[in-house]
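Structure, as structure tokens:
Start at 1 and go down the list; that is how both ligands and their atoms are numbered. All heavy atoms count here, side chains included; hydrogens, waters and symmetry mates do not.
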Amino acid sequence: MNFAGKELDPATPHVMGILNITPDSFSDGGELFSENGKLLLDKIMQRAEAMQQAGAAILDVGGESTRPGAKPVSPQEEMDRVLPVVELLSSNLDVIISVDTSSAELMRASAGLGAGLINDVRALQKPGALEAVAETQAAVCLMHMQGQPSTMQNEPEYHDVVVEVKEFLNQRIAGCEQAGINRERIIIDPGFGFGKTLAHNLELLGRLSEFKQLKLPVLVGLSRKRMLGTITGRPEKDRVAAGVAAASIALMQEVSIIRTHDVAETADAVKLYRALENK
Ligand code: 8Y7
């Protein structure tokens with residue numbers, strides 16, 4: 001897997017650490033902003049370095065909260081949050097920088113500052129997004145979502161969730177290829193929790209290996225999500241063990257990247273999986 005020049009071994013899984021630059025983020029926001037809303041770049045750098053040392057090969061920087069019902073941010077505000085962080089990390093850390101955005105303008109600007117991956121929960125469906133990524137060397141993660149973040153949890157429906165998510169991803173892959181983004185740059189993600197009931201999420205988790213049919217690296221984000229709370233009865237901060245358990249189930253189905261808030265714990269699961277594979 002190539003990320004604008006930085007390589008990761010595709011034969012073994014990797015951890016992506018989440019760096020949310022949103023004051024309203026549910027688990028790690030707030031402390032990264034001062035009282036008057038300025039970015040605390042020294043704190044952000046500390047958080048990033050800690051995640052890298054704990055085993056993250058990729059850091060996912062996001063300035064727009066996509067949790068169900070979140071307030072939208074203006075494109076300018078998203079840029080003001082994310083770009084200084086991309087610049088800071090790319091000049092100070094040897095890590096792959098991912099930018100969690102749907103905005104073509106931010107995709108272009110962050111790739112220019114050294115981002116190696118565009119992580120788009122809207123799978124490059126916003127105007128200009130396909131073209132923006134095509135102009136860069138960055139890889140892209142295409143995620144499936146049914147509906148929009150504000151309404152996606154209102155009775156989502158599928159005939160066969162795995163088949164429909166695969167069909168959607170196949171269409172987006174074709175769109176990428178037509179726009180000049182070749183398959184070597186594409187990662188796919190079923191989008192746990194994005195317009196899915198608990199039953200849909202469990203169906204996807206149990207049948208993740210079917211996504212291998214698309215012959216592209218698979219990324220999954222499960223950490224601290226509501227499905228884990230529903231199953232365990234635990235609040236967000238106490239879902240780490242459930243998240244690592246879910247990650248292990250995904251690892252056994254040969255996913256390539258695990259996106260997580262809990263890098264050290266997830267990196268241990270990856271080590272266990274690698275030890276098993278190399279036995
Ligand atoms: C995912 C994601 C979120 C995910 C990818 C959360 C930005 C909600 N979830 N990106 N983003 N996959 N690719 O709980 O599952 O982290 S936001």
Just by distance, no angles: are the side chains of Asp80 and Gln76 close enough, under 3.5 Å, to form a donor-acceptor pair? yes
Between Asp160 and Arg207, is there a side-chain N and carboxylate O pair less than 4.0 Å apart? yes
Quick check: does Asp189 get an N/O under 3.5 Å from an N/O on ligand 1? yes
Run the ring pair (Phe, Tyr, Trp, His ring centres under 6.0 Å) test against Phe168 and tell me which residues pass, sequence neighbours left out. His144
Of the listed options (His144, Arg224, Lys225), which comes nearest to atom 8 (C) of ligand 1 when hydrogens are ignored and any heavy atom counts? Lys225
Under 4.0 Å between heavy atoms, the region of Val220 that gets near ligand 1 turns out to be neither
Check step by step if side-chain hydrogen bond (donor to acceptor under 3.5 Å, both in side chains) holds for Ser103 and Glu78. CA-CA 9 Å; Ser103 141; Glu78 192 191 1; 4.5 Å; no
Output yes when the distance from some N or O of ligand 1 to some N or O of Asn119 is under 3.5 Å, and no in every other case. yes
Would you mind listing which atoms of ligand 1 come within a distance below 4.0 Å of any non-hydrogen atom of Leu219? 13 (N)
Before accepting this row, confirm whether a basic side-chain N of the pair Asp262/Arg239 lies closer than 4.0 Å to the acidic partner's carboxylate O. no
The atoms of ligand 1 lying under 4.0 Å from a heavy atom of Phe194, numbered in the order shown, are 1 (C), 3 (C), 9 (N), 17 (S)
Find out whether Leu216 and Leu142 are in side-chain contact, i.e. whether some heavy atom of one side chain is under 4.5 Å from a heavy atom of the other. no
Contact list for residues 89-118, test salt bridge (charged side-chain N to carboxylate O under 4.0 Å, His left out), sequence neighbours left out: Lys6-Asp94, Arg108-Glu135
Ignoring angles and geometry beyond distance, decide whether Asp100 reaches within less than 3.5 Å of ligand 1 through its nitrogen or oxygen atoms. no
Identify, by atom number and element, the atoms of ligand 1 in contact range of Gly221, meaning under 4.0 Å from any of its heavy atoms. 15 (O)
Counting only heavy atoms closer than 4.0 Å, does ligand 1 sit against the backbone of Val121, its side chain, both, or neither? side chain
